[in-house]
Peer 1: 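Sharing a structure below in structure tokens format, with a few things to ask.
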Amino acid sequence: MTALIIAIDGPAASGKGTLARRLAAHFGLAHLDTGSLYRAVGRDVLKAALDPADPVAAEQAAASLDPASLDDPRLRDEDVGRAASQVAAHPGVRAALLAFQQRFAATPPGAVLDGRDIGTVICPQAQAKLFVTASPEVRATRRAAELTTRGEAVDYAAVLEDIRVRDARDSGRSTAPLRQAEDAMLVDTSNLTADAVFDLAIRLIGGRLSASVETPPHPDPLRPSGAEREQKESSLSALQGGEG
Ligand code: CDP
């Protein structure tokens, strides 16, 4: 049985987490919030009173990460979010977390993964990819509301500034920067409710999945079919004096 993989990428507070959870329930798939992995590494570095900007400290924390600790409520704290964005910029940290994410995705029946580099690096073979975004102001408003609900004191200007800094760091890093995969479908949630985003996503994913089922393996008449290609390759290799 092949796994169905749905990749959801996007910047902080774009609504991708809520969408990914709902899509996983809808399609009967597992869900991995990959941000929680980087947050857990950030948390462990802070707990050890080390610096998230230090690649050695961050890589050690990533290598000894306990996946059972991913539902810790402390992961949602702002200082942990900031540390997550710092540790995520170290290539060694990303390398240490790669295999876990790929194994999770490939386990039948499949999974919805949300993050920054799912469609570009972790699962470039995903059958459906969405890039979920919203304006920085809308995202800051949502993040501020989330913090208020959790009983935290909120300064909107500081939240907006934090979102801008995180966007710049996530998009500007050299390893696995945040960017839309070429075959990802863009969903701008700035003016949409969570229900409207979900309905739109279901339509887009449904369209993509049925297109990939209906599309014959070689739809381009100018592109040779497998048999034709084999024939061409063997004649070429015969021309070159190979064994054919
Ligand atoms: O919820 P929010 O978007 O604020 O953050 P998150 O998705 O929990 O991710 C926290 C941080 O981890 C982000 O700022 C990214 O720097 C990093 N991250 C990443 O680099 N790659 C991923 N696949 C997921 C998160």
Side-chain angles (χ1 to χ4, degrees), residues 3-24 26-27 29 31-39 81 84-91 93-95 97-98 101-102 104-106 110-143 160 162-212 215:
L4 170 60
I5 302 173
I6 299 177
I8 315 277
D9 290 305
S14 55
K16 63 187 186 306
T18 307
L19 176 63
R21 259 190 307 281
R22 291 183 68 174
L23 288 174
H26 178 82
F27 288 104
L29 301 171
H31 169 231
L32 181 63
D33 162 12
T34 63
S36 69
L37 300 171
Y38 297 92
R39 284 174 176 269
S85 149
Q86 287 178 286
V87 301
H90 304 308
V93 168
R94 307 199 72 85
L97 301 177
L98 182 82
Q101 296 173 79
Q102 291 182 333
F104 189 99
V112 180
L113 282 82
D114 70 89
R116 303 289 192 286
D117 62 343
I118 308 305
T120 50
V121 175
I122 307 294
C123 301
Q125 81 285 19
Q127 291 90 336
K129 301 179 185 176
L130 296 180
F131 192 82
V132 181
T133 189
S135 70
E137 292 75 16
V138 166
R139 291 187 282 126
T141 304
R142 289 184 189 149
R143 181 52 49 93
L160 178 59
D162 187 58
I163 292 238
R164 290 193 196 282
V165 169
R166 215 111 74 75
D167 282 358
R169 198 185 288 130
D170 288 351
S171 308
R173 68 180 173 225
S174 50
T175 308
L178 169 67
R179 69 175 179 83
Q180 182 177 354
E182 269 172 29
D183 52 350
M185 299 173 282
L186 182 67
V187 176
D188 186 334
T189 69
S190 301
N191 298 308
L192 298 178
T193 61
D195 283 347
V197 172
F198 177 66
D199 290 344
L200 174 60
I202 292 287
R203 266 188 286 131
L204 292 174
I205 294 170
R208 186 56 63 92
L209 295 180
S210 56
S212 66
T215 305

Peer 1: Looking at R94 and A89, would you say the former's side chain and the latter's main chain have a donor-acceptor pair under 3.5 Å?
Peer 2: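 No: the side chain of R94 does not pair with the backbone of A89.
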Peer 1: Ignoring hydrogens, what is the shortest heavy-atom contact between H31 and A20? Give both atom names and the distance.
Peer 2: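 So the two residues come closest at NE2-CB, 3.5 Å.
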Peer 1: Do the side chain of Q180 and the main chain of G10 share a donor and acceptor less than 3.5 angstrom apart?
Peer 2: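 Absent.
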Peer 1: Without swapping roles, check the side chain of T189 against the backbone of A134 for a donor-acceptor pair under 3.5 Å.
Peer 2: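 No; zero donor-acceptor contacts below 3.5 Å.
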Peer 1: Would you compute the distance between atom OG of S171 and atom CZ of R116 and round it to the nearest 0.5 angstrom?
Peer 2: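 If we round to the nearest 0.5 Å, S171:OG and R116:CZ are 9.0 Å apart.
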Peer 1: So does D167 pair up with R139, basic N to acidic O under 4.0 Å?
Peer 2: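 A salt bridge is present here (some side-chain N lies under 4.0 Å from a carboxylate O).
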Peer 1: Output the distance between atom CG (L19) and atom CD1 (I8), rounded to the nearest 0.5 Å.
Peer 2: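 Taking CG in L19 and CD1 in I8, the distance rounds to 5.0 Å.
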Peer 1: Counting C-beta onward and ignoring hydrogens, is there a side-chain heavy-atom pair between F131 and L178 closer than 4.5 Å?
Peer 2: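 Heavy-atom side-chain distance check passes, below 4.5 Å.
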Peer 1: Among D114, D9, V187, which one satisfies side-chain contact (heavy atoms from CB on, under 4.5 Å) with K16?
Peer 2: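 Exactly one option meets the side-chain contact (heavy atoms from CB on, under 4.5 Å) with K16, and it is D114.
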Peer 1: Evaluate the criterion side chain to side chain contact (heavy atoms under 4.5 Å, CB included) for residue pair L32 and I118; output intermediate values, then yes/no.
Peer 2: CA-CA 11 Å; L32 181 63; I118 308 305; over 6 Å; no
Peer 1: Check whether any side-chain heavy atom of H26 lies under 4.5 Å from a side-chain heavy atom of F198, and answer yes or no.
Peer 2: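 Contact flag for H26/F198 side chains = yes.
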Peer 1: For the residue pair D188 and S190, confirm or rule out a side-chain donor-acceptor distance under 3.5 Å.
Peer 2: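 Present: a donor and an acceptor within the cut-off.
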Peer 1: Let's go through D162 and R143 carefully: what are the C-alpha distance in whole Å and the side-chain angles of both, what is the deciding distance for salt bridge (Lys or Arg N to Asp or Glu O under 4.0 Å) to 0.1 Å, and is it a yes or a no?
Peer 2: CA-CA 10 Å; D162 187 58; R143 181 52 49 93; 5.9 Å; no
Peer 1: Rounded to the nearest 0.5 Å, what separation is found between the CG atom of L130 and the CZ atom of R208?
Peer 2: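 Those atoms lie 9.0 Å apart.
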Peer 1: Nearest 0.5 Å, please: how far is SG in C123 from CG in D117?
Peer 2: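 Between atom CG of D117 and atom SG of C123 there are 9.0 Å.
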Peer 1: Heavy-atom distance under 4.5 Å between the side chains of T133 and L186, does that happen here?
Peer 2: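 In short, these two side chains touch, coming nearer than 4.5 Å.
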Peer 1: Taking the side chain as C-beta and beyond, is there a heavy-atom pair between I122 and T34 under 4.5 Å?
Peer 2: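 They are not in side-chain contact.
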Peer 1: Any chance you could measure T120, atom OG1, to R179, atom CZ, to the nearest 0.5 Å?
Peer 2: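 Here the interatomic distance stands at 5.5 Å.
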Peer 1: Decide yes or no on side chain to side chain donor-acceptor pair (under 3.5 Å) for T18 and R142, but give the supporting numbers first.
Peer 2: CA-CA 12 Å; T18 307; R142 289 184 189 149; over 6 Å; no
Peer 1: Looking at CD1 of I163 and CG of D170, how far apart are the two atoms once the value is rounded to the nearest 0.5 Å?
Peer 2: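 With rounding to 0.5 Å, CD1 (I163) is 10.5 Å from CG (D170).
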Peer 1: Counting N and O atoms only, with roles assigned by atom type, does the side chain of K129 sit under 3.5 Å from a partner on the main chain of P124, one being a donor and the other an acceptor?
Peer 2: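 Yes; judged by distance alone, with no hydrogens or angles, the pair exists.
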Peer 1: When you compare the side chain of V112 with that of F27, does any pair of heavy atoms fall below 4.5 Å?
Peer 2: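 No, too far: nothing below the 4.5 Å cut-off.
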Peer 1: We want to know whether S85 and R169 form a side-chain donor-acceptor pair, criterion being a heavy-atom distance below 3.5 angstrom.
Peer 2: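 Short answer, yes.
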Peer 1: Looking at side-chain heavy atoms only, is the closest gap between R22 and V197 below 4.5 Å?
Peer 2: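 The answer is no, as the side chains (C-beta and beyond) never meet within the 4.5 Å cut-off.
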Peer 1: Do the side chains of T141 and L160 get nearer than 4.5 Å, heavy atoms only?
Peer 2: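 A side-chain contact under 4.5 Å is absent here.
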